[in-house]
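Step one of this worksheet: look at the structure below.
Both ligands and their constituent atoms are indexed starting at 1 by order of listing. Residue numbers start at 1 and run along the sequence shown. What's counted below: heavy atoms across the whole structure, side chains too, no hydrogens, waters or symmetry copies.
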Amino acid sequence: MKGKFITFEGAEGSGKSTQIELLGKYLKERGIKVLLLREPGGVKISEQIRELLLDVKNIAMTKECETLLYLAARSQVVEELILPAMKKGLVILCDRFQDSTIVYQGHGSGVDIDFIEKIGRFATQGLVPNLTFLFDIDAKKGLDRISRAKDRIERRSLSYHHKVRKGYLEEAQKHPERIKVIKVNGGKEQIHQEIRRYIDEVLDLSSSANG
Ligand code: TMP
């Protein structure tokens with residue numbers, strides 16, 4: 001695989017989408033071919049599954065159904081978009097991936113994490129990100145920052161979102177070589193610089209990174 005697969009994780013309202021855009025711009029300015037996408041989504045079938053997952057009317061959805069739908073959406077985007085982009089040598093910036101399912105459905109809703117990891121390997125064909133940024137923010141602070149209508153997952157209780165935050169930090173401790181924790185308390189430019197330091201190292205851009 002010639003490309004690099006970089007994922008962005010974290011609670012709601014942590015500002016990760018803004019950072020993905022800033023990083024995408026930074027890389028494009030350096031002539032690097034970038035693919036930006038979000039999960040669940042990225043391709044038509046996965047976007048359709050996303051609608052089912054986030055629709056506030058689907059209150060009857062079980063945690064098992066929810067888990068399998070997230071993995072189904074992922075399997076489609078991996079095969080249709082991510083793996084071909086990796087083969088072409090692109091840098092892929094992906095808003096959420098497998099860690100989200102481990103944390104939201106596993107740590108948050110109590111689905112067996114070993115099961116998610118096993119079926120997750122089937123869904124992703126074993127693809128693991130080269131680097132993951134975890135945007136860490138207090139659960140309430142993050143939720144308060146959402147100004148649009150909240151989706152089905154965002155509407156869950158504060159205690160659920162506390163479990164999500166804790167789960168993320170536990171996963172980061174398990175995989176310190178891959179998951180880098182970014183504390184969301186600085187301004188967006190300061191956070192961007194912090195991310196660039198990791199990216200410059202992973203993509204070997206240090207000599208051209210001063211612009
Ligand atoms: P987004 O708001 O970051 O686009 O993500 C959509 C929602 O789906 C968000 O509330 C987190 C949730 N989610 C899961 O619960 N499990 C998953 O595997 C993924 C990818 C997202």
Query raised in the report: Using heavy atoms and a threshold below 4.0 Å, how should the contact between Glu66 and ligand 1 be classified: side chain, backbone, both, or neither?
Result: neither
Query - Region of Gln98 that comes within reach of ligand 1 [heavy atoms, distance under 4.0 Å] - result: neither
Is it the case that [X] and [Y] place a side-chain donor and acceptor less than 3.5 Å from each other?
X: Arg38; Y: Ser17; value: no
X: Arg96; Y: Tyr104; value: yes
X: Gln190; Y: Glu194; value: no
X: Ser100; Y: Tyr168; value: yes

Got the closest protein heavy atom to [atom], with its distance?
atom: atom 14 (C) of ligand 1; answer: Tyr70 CZ, 3.2 Å
atom: atom 5 (O) of ligand 1; answer: Arg96 NE, 3.1 Å
atom: atom 2 (O) of ligand 1; answer: Glu154 OE2, 3.7 Å

Are any of the N/O atoms in [X] less than 3.5 Å from those in ligand 1?
X: Arg50; answer: yes
X: Lys16; answer: yes
X: Thr101; answer: yes

Report summary line: The option among Gln105, Glu12, Arg74, His161 carrying the non-hydrogen atom nearest to atom 10 (O) of ligand 1 is Glu12
Query raised in the report: For ligand 1, which atoms sit closer than 4.0 Å to a heavy atom of Ile153?
Result: 10 (O)
Query raised in the report: Is the side chain of Ser109 donor-acceptor paired with the backbone N or O of Gly106 at a distance under 3.5 Å, no angle test?
Result: no
Report task. Determine whether any heavy atom of Leu54 lies closer than 4.0 Å to an atom of ligand 1. Result -> yes
Query raised in the report: Is there side-chain contact between Arg178 and Leu131, with at least one heavy-atom pair below 4.5 Å?
Result: no
